[in-house]
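Remarks on the structure that follows.
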2 protein chains.
Amino acid sequence: MRTAKSAPEGPPAAPSGARAARKRQAILEAAHRVFLREGFGAGVDLLAAEAGVSKVTLYNHFGSKENLFKEVIGRTLDEALGASESLIIDRLAESDDVRADLLAACRSWVSGLATPEVLALRDVIAGERRRFPALGEIWQERGPVRQHAALARALGRLDERGLLRIPDMELAVLQLSGLVLSPHLVYGSYGADMSASLADRLVEGGVDMFLARYGTGAAVPGK
Amino acid sequence: MRTAKSAPEGPPAAPSGARAARKRQAILEAAHRVFLREGFGAGVDLLAAEAGVSKVTLYNHFGSKENLFKEVIGRTLDEALGASESLIIDRLAESDDVRADLLAACRSWVSGLATPEVLALRDVIAGERRRFPALGEIWQERGPVRQHAALARALGRLDERGLLRIPDMELAVLQLSGLVLSPHLVYGSYGADMSASLADRLVEGGVDMFLARYGTGAAVPGK
DNA sequence: ACTGAACCGAACCGTATAGTTCAGTTCAGG
DNA sequence: CCTGAACTGAACTATACGGTTCGGTTCAGT
């Protein structure tokens with residue numbers, strides 16, 4: 001009898017064990033695919049079928065469709081931002097060739113986020129924000145906020161080292177993001193994707209514009 | 001008997017007359033409010049109630065919820081973009097003080113689009129794009145595409161007149177948009193709105209960055 | 001003042017979906 | 001190898017929504 005004991009059963013505890021771990025993983029992978037393909041409107045029956053799992057099992061593990069979606073958001077963002085986050089941004093901070101490393105960081109940043117999958121997920125979340133505010137909060141926290149913090153840290157370090165001069169860091173971060181990334185987010189939301197050529201011109205042109213404004217003479221070694 | 005005559009009744013013709021015009025207007029105004037507040041998920045019953053109109057009347061006028069929403073999108077964008085479109089952009093083309101007029105154009109542009117209502121509508125459309133692609137197309141066509149065309153025309157004219165030098169117009173338009181407008185669209189999608197101070201720094205900083213890159217000596221008269 | 005278009009409201013239809021229940025089956029750890 | 005936790009599938013509840021139908025009422029143009 002499971003409903004015994006006493007009252008306070010908050011989260012009824014997800015199943016444990018080897019089999020449960022496999023099922024859980026299968027559900028998460030299927031949900032990743034299905035949510036990206038169909039949006040949050042995808043039915044729970046479909047999610048369960050795609051995972052090769054019964055609906056009951058799905059509910060035993062995640063409790064609700066919303067919870068499952070939250071997990072998927074977190075995983076997707078970690079995957080999309082992991083590369084540029086620690087790898088590139090931290091390397092940028094101690095760079096000796098700011099232009100080259102800033103270009104690399106921005107390329108990685110854009111290629112991680114400006115994919116049809118991530119853009120579609122972003123739109124789904126934006127559209128569902130009114131009904132499920134928690135989704136938007138998770139996205140914001142594990143996405144833009146984290147990324148901007150990392151970028152601000154790296155740029156601040158470059159300022160300290162005299163390679164850049166940035167009087168208004170909040171503004172500078174938004175500007176860099178606006179120059180190299182935002183066009184993808186804003187104009188990729190309507191299905192019309194961007195040519196690779198234009199994407200590249202955005203990164204190069206944006207970085208040059210950024211350095212023309214905030215660079216010091218010391219920013220490029222060979223020049 | 002209305003279903004008589006012969007076959008080809010495509011759009012069954014909206015009601016006409018004085019009363020019908022009033023009702024139609026009431027429906028559009030209510031739908032504007034409700035869709036902005038509740039998103040496309042708002043029930044037709046609610047829309048009709050808010051308009052002080054029966055559901056049947058609503059369907060007689062617009063045929064479907066989707067059609068009604070399309071009308072609302074068009075009206076909202078015309079209202080949001082009308083000011084900056086013809087008024088400012090055309091004035092910018094023949095400007096003698098590019099910095100001042102570009103600042104004015106951008107301020108008008110941002111203040112028209114970066115309102116909670118327009119941002120919310122944008123999110124709703126983005127989220128519903130999978131189910132109703134026509135909504136996204138209307139938004140894109142009557143919004144960004146039109147606006148970018150006007151901006152490109154004005155900047156092209158300034159190039160002709162020797163006040164700017166813009167080798168890649170497509171890139172330049174995206175950059176200006178990215179600098180002054182995109183941060184609102186991208187980071188306003190999560191409820192966290194932007195301080196007036198930051199919005200102003202974005203416009204001023206963005207225009208200066210833009211002119212530093214594309215301006216010629218002739219761009220500012222007094223200098 | 002009359003006539004028909006336009007309107008009302010309430011019931012109705014069909015469909016879709018989140019989440020639950022349950023009786024019976026599979027699996028894994030002790 | 002055996003016991004109970006975890007899983008299955010299918011039926012079930014409850015709800016919500018888009019759109020239609022219908023009998024009866026209001027209004028506006030002639």
Side-chain angles (χ1 to χ4, degrees), chain A residues 1-5 9 11-28 30-31 34-35 38-70 72 124 127-128 130-132 134-135, chain B residues 1-5 9 11-28 30-31 34-35 38-70 72 124 127-128 130-132 134-135:
Chain A
M1 202 183 285
R2 296 190 71 195
T3 59
K5 290 289 153 65
E9 294 192 20
S16 60
R19 183 171 45 154
R22 284 200 307 272
K23 296 287 179 182
R24 188 185 181 83
Q25 185 64 19
I27 295 171
L28 280 170
V34 173
F35 278 136
E38 315 251 345
F40 190 60
V44 179
D45 294 290
L46 177 61
L47 288 164
E50 185 107 357
V53 148
S54 91
K55 202 159 56 151
V56 181
T57 301
L58 192 151
Y59 276 100
N60 282 340
H61 276 276
F62 296 96
S64 73
K65 193 167 74 153
E66 188 183 349
N67 277 343
L68 176 55
F69 194 45
K70 285 186 197 169
V72 169
V124 168
E128 228 67 44
R130 241 170 310 280
R131 266 192 297 177
F132 305 96
L135 300 183
Chain B
M1 201 184 283
R2 294 190 72 191
T3 60
K5 288 293 154 64
E9 293 190 22
S16 58
R19 184 173 42 158
R22 284 199 307 271
K23 296 289 179 180
R24 187 183 181 84
Q25 185 64 19
I27 295 170
L28 280 170
V34 173
F35 278 136
E38 314 252 344
F40 190 59
V44 179
D45 295 290
L46 176 61
L47 288 164
E50 184 108 358
V53 148
S54 91
K55 201 159 57 151
V56 182
T57 301
L58 192 151
Y59 275 100
N60 283 340
H61 276 278
F62 295 97
S64 73
K65 193 168 75 153
E66 189 183 349
N67 278 341
L68 176 56
F69 194 44
K70 285 186 196 168
V72 170
V124 168
E128 227 67 43
R130 241 170 311 280
R131 266 191 299 176
F132 304 96
L135 300 183

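Letters go in sequence order (proteins before strands), and every chain restarts at 1.
- The side chain of B:K23 contributes an N or O atom lying less than 4.0 Å from OP1 or OP2 of C:dC8.
- Sorted by first and then second residue, the ring pair (Phe, Tyr, Trp, His ring centres under 6.0 Å) pairs with a member in residues 41-70 of chain A read A:F35-A:F69, A:F40-A:F69; sequence neighbours excluded.
- Remark: P of C:dT20 and CG of A:L58 are 12 Å apart, rounded to the nearest angstrom.
- A search for salt bridge (charged side-chain N to carboxylate O under 4.0 Å, His left out) contacts involving B:K70 returns nothing, not counting sequence neighbours.
- Sorted by first and then second residue, the pairs that involve residues 39-53 of chain A and meet salt bridge (charged side-chain N to carboxylate O under 4.0 Å, His left out), not counting sequence neighbours, are A:R33-A:E50, A:R37-A:E50, A:D45-A:K55.
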Under 3.5 Å, which donor-acceptor pairs link side chains of residues 18-27 of chain A to any protein atom two or more places apart or in another chain?
from  : atom 1 : to    : atom 2 : distance (Å)
A:Q25 : OE1    : A:R75 : NH2    : 3.3
A:Q25 : NE2    : A:E29 : OE2    : 3.0

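- Set against C:dG9, D:dT8, D:dC7, the side chain of A:P15 has D:dC7 as its closest nucleotide.
- B:R131 meets the salt bridge (charged side-chain N to carboxylate O under 4.0 Å, His left out) test with B:E128; sequence neighbours excluded.
- Between A:H61 and D:dC7 there is a side-chain polar atom (N or O) within less than 4.0 angstrom of OP1 or OP2.
- Applying the Watson-Crick and G-U wobble criteria (two distances, each under 3.5 Å), D:dT30 pairs with C:dA1.
- Between A:S64 and C:dA18 there is no side-chain polar atom (N or O) within less than 4.0 angstrom of OP1 or OP2.
- One can place CG of A:L68 at 11 Å from P of C:dA18, the figure rounded to the nearest angstrom.
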Per-nucleotide protein contact string for nucleotides 20-25 of chain D (B base, S sugar-phosphate only, - none; heavy atom under 4.0 Å): BB----
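- In this view, B:S64 satisfies the side-chain hydrogen bond (donor to acceptor under 3.5 Å, both in side chains) rule with no residue, not counting sequence neighbours.
- Contacts between residues 44-51 of chain B and DNA chain C, defined by a heavy-atom separation below 4.0 Å, involve no residue at all.
- Residue A:S16 places no side-chain N or O under 4.0 Å from the OP1 or OP2 atom of D:dA5.
- Nucleotide C:dG19 holds its C1' atom 16 Å from the CZ atom of A:F62, rounded to whole Å.
- Separating the CG atom of A:N60 from the C1' atom of C:dA18 is a distance of 15 Å, rounded to the nearest angstrom.
- Rounded to an integer number of Å, the gap from A:E38 CD to C:dA18 P is 12 Å.
- Straight-line distance from the CZ atom of B:R24 to the P atom of C:dC7: 11 Å, rounded to whole Å.
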Give each protein N/O atom lying under 3.5 Å from an N/O atom of nucleotides 27-30 of chain C, with the pair distance.
from   : atom 1 : to    : atom 2 : distance (Å)
C:dA28 : OP1    : A:R22 : NH2    : 2.7

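- Among residues two or more places apart in sequence or in another chain, the salt bridge (charged side-chain N to carboxylate O under 4.0 Å, His left out) test is passed with A:K65 by none.
- When the side-chain hydrogen bond (donor to acceptor under 3.5 Å, both in side chains) test is applied to A:S54, the partners found at least two apart in sequence or on another chain are A:T57.
- Pairing each heavy atom of A:A31 with each of A:L47, the nearest pair is CA-CD2, 3.9 Å.
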